[in-house]
Amino acid sequence: MSLCSAPRPGRALRQRLSGLARPCPAAHPPAMGLLSDPQCRRALARLLLRLNTPLCVLSYLAGLTWFLLLPALAPRTYLSENAMGSTMVGEGSDLGPRALALARDFGAHKRKVGGMPVEWLEQTMFQLGLEVHRQPFSRTLPFPDEAHERYLVRGTNVFGVLRAPRAASTEALLLLVPGSEGSKNNQAVGLLLALAGYCRGQVYWAKDLIFLVTEHDLLGTQAWLEAYHDVNLTGIHSGGVPGRAGAIQAALALELSSDVLTSVDVAVEGLNGQVPNLDLLTLFHSFCLKSGLLCTFQGKLPPPEGPSGPGYAQSLRTMGLMVLGQAGGGPGGAHGLFLRFRIEALTLRGINSFRQHKFHLGALGRTLEGMFRKLNNLLERLHQSYFLYLLPSLSRFVSIGSYMPALGLLLLVLALRALDLWMRLSRSDEGEGDPPPEEARGGLLWLLPPILVSGGAGAALYLLPVRGQAVATQHFPVGEAEAVVLALIGIYVAGMALPHSTHRALSGGGQRGWMTLKLLALLALALLLTCLALLNFSLGFLLGATLVPPAAAVRPGGSRLPLAVLLVLTTPGLSLFLAVLLERELLEAPAGLGEAWQRFLGALGQGLLQEHLHGAHLSPLLCLGAYPCWLLLWNVLFWK
Amino acid sequence: MTQAGCVRWRRQRQCWQVSHYRLFPKALGRLVAALGVRELHLALTQGFWRTRYWGQPPLQAPAGAELWVWFQPTVTDVDKAWKELSNILSGIFCASLNFIDSTNTVIPTASFKPLGLANGTDHHLLRYAVLPREVVCTENLTPWKKLLPCGSKAGLAVLLKAERLFHSSYHSQAVHIRPICRDASCLAVSWELRQTLTVVFDFFSSGQGKKDWSLFKMFSRTLTDTCPLASQSKVYVDISPKNKEKELLEVSPPPTSVHEAIVQGEKKTYAVYDLLSPLLFNTSRSLNVQLKWKRPQDSSEMPIPTLHAQRYVAGYGLQTGEICTLIYNTHPYRAFPVILLETVPWYLRLYVHTLTIITKGKENKPSYIHYQPAQDRRRPHLLEMLIQLPANSVTKITIQFERALLKWTEYPPDPNHGFYVGSSVLSALVPSVTAMKDMDVEQSPLFASLFPSSDGSSYFVRLYTEPLLVNLPTPDFSMPYNVICLTCTVVAVCYGSFYNLLTRTFHVEEPSRGGLAKRLANVIRKFRGVPPL
């Protein structure tokens, strides 16, 4: 008895205390008060239920507005790395004539051999005093690449290593020219060789320099990178790399196809939306300013200083292009493949347009020399500056702290909607709201078919086009590449027709049924977008901006047509098509529907290829993540 | 392009003590006596010897600082003596040898044997350490030069001008102390101190592709006299003809004599300048040895050495990785064994079960393995293996590791530079293509000690592979303030309210009794026997 009675005084005291506290919840920290006070909780829940739709609309609009305001509020870039700052190095090279002569030689030998002039390159590099190696590779693509007209690829990469005096080959810098067919990038090879010759004569190198010329542009680069790190990620067959130079600290890729240039365009977006450390870009920008080179980003000049309408529009356009490029997840140049290996890299593209003022190769050579000298001064890896950013122009940046809230606000819509559904479901449990439908008591088994069918459709979309190309080409008069793309579209569309009546197979559904299913779809979508926000913000934001409104609005019954139209318009496949249109629009080269369709088909093929060749994540993400989510929403719409 | 200076002299010894210091530097002599050192080998190196392109190194040393010492069996606490020794040497040579501690010291069992007179080879008396990060510069050269009997005032040592020596591709200076027989009967023992310096000059850019060199061009000095204390002072120039074609190169002035020897399996011809011979300084006051190639060299490279190796870190990311070592045996028909010594710091956790040795696509079982696992913050991994290398083969040795997360105070000031893994050591008796004669030790002591050969058919080679630079997962040290703020906020808000929720007891509250009127009404209702409001 005494045991039982013992807690009583304490309990009474606590009661008294809580009684004291009750009238004034403000005395507690707000969160504690809200969570522990059933009254407040109920009030909050009521508020959420009543104001849900306005809150959602507000949150969505706030997210979009936040994103649109980013270019206007972006701060200037600055160099964080002390080792590269303050002291400018002097550049003494004049590589122009020599680079052109070497480029012509290279071009002549390339024509003579009908491919990469491996012997000539090796000999030239040896004469320049480099340690020369070659690396053969071969790769059979999963299906023929129509854009580059290749299927079974054989090639040889040639690279020369300039050994830094009195360093033990623990660190290296890399200059890369992705060689391609025709006379593309000949001048870049010339400039690379001229620069190698110049650097060989200098005594200040503390890191080895690797001068790499790859064959079959990105395929060769991928083969070289995998062999250098002795891993096999994409099933490429390659000979080993016979000479190494330790950990590569930074890399520059060079693309140049003309004897003179008007501007230099820099590409940062890499595989799966990774970008190099901002310091590398800032370094390039500072050399642009120093040498007077005209430098562009996404083909756009920096907007005029000061707040102005046209300036904002140009910033927004530039940032839009970057977001589209990053969301695409492909390597935006040979540099894009390095980022996975934690090698900071940029691609510099020499552009020769119709501008009046032309630069000689020497100017670009001096920029490269200066950048390498600065990188040579690095004591540590590039790590001081941002790794996650968006660029509204070459001189301004939006850091992760600024752009994340935009996506956060979009995700809030999903959270609010999910909360709303959850509370309505649990209230109907308690019997407060509408009477509980008796079939709902049958467990959650009926949820299984829609989920399985959606997931299955996604898996089919992911696996079948590439696996089934042989079957497709047998039965239909199409080529392999066409077969893959058409199968992709076919399965995608068929998936939309498939699942929306499966739940009737099992007893279930009703009001609770679609609510539970929608809750599940919302949670899955929110989870997907949250993960994407961290991995590839651009992709996450674009998917969020398109998928959140239909996800929030969709419900069965009533007038289905507007909702169905909204859903179809925002399906990931159509979003991709719209993105193609938008990109042409932002590039100020609008495309007609026919051209956009061709580009869309090309993009589908390239997207699949990039997954197999470089390990891009876009197609599995869309097929296995976004598409099933969307199908669940579609399912909710046609719930009976 | 290689200059190997070698100075050598002997002191009589009495009971392992250095008795007088006319030639032997006192700093080292007292050190040897006080700490019971039997053999001491210290090398300070800047750069990396590229065996594949430069041929077998005449004197081997890994990048950074290397120290290995055999102690006398009378030393009771070897670890203490080792610690003390490294600290004193650190002071003598102005190097960071004081960073040698138990985390980078190992006791190899097979790779290092005493080079001098030794009774037993109990490897517990041996200590070996490498500091791959050590930077060697003028401050290390000056104390090294001071150990010479004439300093850098006279003799060969006048050439050692720091400004030129460090304007080179490779620089390695070493000190070796060992006991040797005083004469053929070996009744008395002497101490030998050998100081060596290896420098590789690169004339590619300054020589416009020509390989001509002269003493003046390399050192911006010429030789004028000898050290008065020297009993021998010679300059050897390798003039071995390549491809059996003679007359490809010429040296001037004409050498005093020509010496032929078989070095590392190859027949070599040396032009010898004996600085003590009076003929040399007759014509001119100074000696400026010059070598000229008669016609421009085509792209004929050095022949690929029989044994060379390459090491690298495979994989990417900050979680795991793989250390790969490729060992090449280019001998056309002879197989030979090699001892591999691998020292890996504790913060790379090796997975020994992943150790694979592949030769020509087949697994190669080592005939001897000695593995000592690391202990966190106390000692490194030590892996020693005896591997048979078949003729004309590449052997790939891989072992996987996981990168440890260090405590935040354990990171060096520049953690994002990466962490070094010292060179691994390859020791082998390489069969030579040319038959060798046992060299007469008394006649050419320098060659005999520089290039010892066990018998006529093979010669000893020790190779060091590249040091590795490995990145460990590194926290962002610029953000502790943010982290502290965030953590405090999370703890204060979430933890506080959750704790409150979890510990508080909830109960359904009776509806309040209402105002005075309600209470009155209830009292009346009670009297009436009706349930209260």
Side-chain angles (χ1 to χ4, degrees), chain A residues 7 10-11 14-15 17-19 22 28-36 38-39 80 83 123 126-129 131 163-171 197-198 200-203 225-226 228-231 233 240-247 249 340-343 378-384, chain B residues 45-48 50 52-53 62-64 132 136 166-171 200 202 204-206 209 299 301 310-318 322 324 326 394 396 398 414-418 420 423 466-471 474 476 478 492-494 496-498 500-501 504-507 509:
Chain A
R11 201 172 157 203
R14 239 177 291 155
Q15 273 176 19
L17 278 176
S18 69
R22 249 218 79 234
H28 289 273
M32 210 199 303
L34 287 179
L35 285 172
S36 54
Q39 289 273 317
S80 300
Q123 210 181 352
F126 182 80
Q127 278 162 3
L128 293 174
E131 189 188 305
R163 297 289 180 191
R166 292 184 302 114
S169 290
T170 47
E171 294 171 288
Y198 175 78
R200 180 66 176 84
Q202 308 306 315
V203 291
L225 273 171
E226 288 185 15
Y228 191 88
H229 293 92
D230 204 0
V231 287
L233 304 167
V241 172
R244 284 183 170 79
Q249 306 288 307
R340 165 193 286 176
F341 298 92
R342 183 80 165 79
I343 300 169
L378 277 182
L379 293 175
E380 302 179 63
R381 261 168 198 281
L382 283 170
H383 70 283
Q384 300 273 16
Chain B
T45 308
Q46 184 70 32
F48 175 68
R50 305 187 188 281
R52 168 72 176 73
Y53 297 92
V136 180
F166 288 103
H167 194 97
S168 57
S169 288
Y170 176 83
H171 170 104
V200 176
D202 177 19
F204 182 85
S205 42
S206 60
S299 62
E301 279 185 76
Q310 188 193 1
R311 192 163 73 136
Y312 56 92
V313 178
Y316 64 97
L318 286 177
E322 198 172 45
C324 294
L326 296 176
V394 187
K396 185 176 184 182
T398 58
D414 49 356
N416 281 290
H417 177 67
Y420 283 89
S423 312
E466 295 97 329
L468 303 174
L469 188 61
V470 182
N471 271 86
T474 312
D476 184 354
S478 64
V493 174
C494 297
S497 52
F498 273 106
N500 194 342
L501 271 179
R504 181 176 286 195
T505 50
F506 289 92
H507 61 97
E509 203 175 312

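Residue numbers start from 1 in every chain, and the chains themselves are labelled A, B, ... in the order their sequence lines are given, proteins ahead of strands.
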Side chain, backbone, both or neither of B:Tyr420 within contact of chain A (heavy atoms, under 4.5 Å): side chain
Proximal component of A:Leu382, with respect to chain B [non-hydrogen, under 4.5 Å]: neither
Could you tell me which portion of B:Gln310 (side chain, backbone, both or neither) has an atom closer than 4.5 angstrom to a non-hydrogen atom of chain A? side chain
Select one option (side chain, backbone, both, neither) describing which atoms of B:Arg50 are under 4.5 Å from chain A's heavy atoms. side chain
Chain A contact via B:Ala314 - side chain, backbone, both or neither, heavy atoms under 4.5 Å: both
Based on non-hydrogen pairs under 4.5 Å, which of B:Tyr170, B:Tyr316, B:Phe48 is most in contact with chain A? B:Tyr316
Options A:Gly246, A:Ala247, A:Gly197, A:Ser169, ranked by heavy-atom pairs under 4.5 Å with chain B, top entry: A:Ser169
Among B:Gly317, B:Gly315, B:Ser423, B:Cys494, residue most engaged with chain A (heavy-atom pairs, under 4.5 Å): B:Gly315
Interchain contact, A:Glu131 with chain B, by part (heavy-atom threshold 4.5 Å): side chain
Run the numbers on B:Asn471 and A:Arg381 for side-chain hydrogen bond (donor to acceptor under 3.5 Å, both in side chains), then give the verdict. CA-CA 9 Å; B:Asn471 271 86; A:Arg381 261 168 198 281; 2.7 Å; yes
Between B:His417 and the options A:His383, A:Glu171, A:Gln249, the side-chain contact (heavy atoms from CB on, under 4.5 Å) test singles out A:Glu171
Select one option (side chain, backbone, both, neither) describing which atoms of B:Pro415 are under 4.5 Å from chain A's heavy atoms. both
Please classify the contact between A:Ile343 and chain B as side chain, backbone, both or neither, with a heavy-atom cut-off of under 4.5 Å. neither
Decide yes or no on side chain to side chain contact (heavy atoms under 4.5 Å, CB included) for B:Asp202 and A:Arg200, but give the supporting numbers first. CA-CA 11 Å; B:Asp202 177 19; A:Arg200 180 66 176 84; 2.9 Å; yes
Ignoring hydrogens, what is the shortest heavy-atom contact between A:Pro165 and B:Ser168? Give both atom names and the distance. CB-O, 3.6 Å
I need the minimum non-hydrogen distance between B:Phe166 and A:Arg166, along with the two atoms involved. O-NE, 2.8 Å
Under-4.0 Å salt bridge between A:Asp230 and B:Lys396: yes
B:His167 and A:Val203: which non-hydrogen atoms are nearest, and at how many Å? NE2-CG1, 3.8 Å
